[in-house]
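Structure, as structure tokens:
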Amino acid sequence: MKKLCLALSTVLIAACSAMDSERFAMEVDEPSLQSKGRLSAPLAEKEFLPPTHPLTAGAHACSFDYPPQERAAGCNRALARTINFGDMLDTPTEGLGPVLSDEFITLAKGAGFTAIRLTIRWDARADFKPPYTIDPDFFDRVDGAVKLASAQGLAVVIDMHHYAAMNTAPKSEQQRFLALWNQIAQHYRNAPATVMFELLNEPNLYLGRDMWQRVMSAALREIRASNPDRTLIVGGAPWNTLAALEQLHLPFDDRNLIVTFHYYDPIEVTHQGAEWVDGSDEWMGTAWRGSAAERQALKADFADVAQWAKVERRPIFLGEFGVYSEADDATRLAWTKAVREQAEANGFSWAYWELASKFGVLDPWTLDWREPLLQTLLPQSPVLGANARLYGRYDDR
Ligand code: BGC
């Protein structure tokens, strides 16, 4: 189980204004985030990376033209190789981590990722009083990212992230949580099928198994009212671990769901030196080299998930995995490669945690890829090889 003590951040209040969901359908020539997201591009459902590639084959079914079960499977193929845009929009205000820019999206596309997961702290951008209005300027900002990514043929996960109050006081916060989903769902109801919603990142603490089950069902109803056909992503409590899947009960009739889990095991390897995890200093120096025993443990874990998925007939999205940058490079590379390969061997789509922050595969200042790490994720990336930068950049961090 992932025992993380995520810092509780101050919630900021956003200005009130009427929501304008039609804005999302607007079309303008040049998509750009610099323009605060007001621009858009035709939301054509472009082809994903080589449609014949085994990992993305079937992604064309991520379209409203396909029946729900096929659409969910197709959308999971569209998520085959996803990159988390972590620490950007999930901080209480922007600027505490890397600042989301056009380049991040363009670079992700160019490297060969098929999708981006936008981890968003919506609760910090909404009013505290009913109707809990989400700041329209913030919607514009997210729209910019969604539109630019969609125009480039990237699928997008819109994730409700770091909603601390839902974990500490789920009963009293639930109404606001549902109101936020009501607005987000309305706002993106005309987005292409390749834009997916993820209900809540890592429910934990008082949002335990039973409570999450109730809240999740209510959220599914809320979203389905305006988005009957959209593919939704949901994971178990606590922490979206694989063990949590056993207690996750999904509405049988809703076949348009992707199930997610996060994988950070062993936690002593992946979170060594992580400031937000108590006692993690003591884990410094824990190596992972892919010994037979280490690989066997990983394989067994993923086999459990695959078995669950087979019984439940649900596509699986490994929504987060990665090793903190305090670990030694050999450990980071070996673990990341092994986990990515296991995910693919089991037919799971995956999303590396994360692009340009403390687990980052991209240097946010120079915009250079950390090539060895990128190589573990996308061995055939077109930006590797001839354009490769020096290994030293990675070591020198
Ligand atoms: C959290 C991050 C954290 C990561 C790994 C994510 O879900 O949002 O803050 O760095 O998990 O622990």
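Excluded from the calculations below are hydrogen atoms, water molecules and symmetry mates; all remaining heavy atoms, backbone and side chain alike, are included. Sequential numbering from 1 along the given sequence is applied to the chain's residues. Bear in mind that the values here come from a model prediction, so they are computed numbers and not experimental data. For ligands, and for the atoms within them, numbers begin at 1 and follow the listed sequence.
Only side-chain heavy atoms of E202 come within less than 4.0 Å of ligand 1; its backbone N, CA, C and O stay farther off. Looking at K358 against ligand 1, nothing comes within 4.0 Å, counting heavy atoms. Under 4.0 Å from ligand 1, not a single heavy atom of E354 appears.
Each of the following atoms of ligand 1 lies closer than 4.0 Å to a heavy atom of Y264: 4 (C), 5 (C), 11 (O). Atoms of ligand 1 found under 4.0 Å from any heavy atom of N201, numbered from 1 in the order shown, are 7 (O). Atoms of ligand 1 lying under 4.0 Å from any heavy atom of F359, numbered from 1 in the order shown and given with element: 5 (C), 10 (O).
Closest of all the heavy-atom pairs between P315 and L257 is CD-O, 3.4 Å.
Ring geometry, H187 versus F139: the interplanar angle falls under 30°, so the pair is classed parallel (tilted spans 30 to 60°).
Between F302 and F261, the ring center distance clears the sub-6.0 Å criterion. Ring centroids of W350 and Y263 are separated by 6.0 Å or more, keeping the two rings apart. Here the two rings, on W353 and Y264, have centers that are 6.0 Å apart or farther.
Judged by the shortest distance from any of its heavy atoms, W276 lies inside the 4.0 Å radius around the atoms of ligand 1.
Considering backbone and side-chain N/O atoms, D87 never comes within less than 3.5 Å of an N/O atom of ligand 1. Polar contact with ligand 1: absent for H262 (N/O pair, distance under 3.5 Å).
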Only pairs under 3.5 Å count here: list side-chain donor-acceptor contacts from residues 305-314, not counting sequence neighbours, and write none if there are none.
unit_1, atom_1, unit_2, atom_2, d
W308, NE1, L245, O, 3.1
R314, NH1, D254, O, 2.6
R314, NH2, P251, O, 3.1

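In this model, no donor atom of one side chain and acceptor atom of the other lie less than 3.5 Å apart for R71 and S63.
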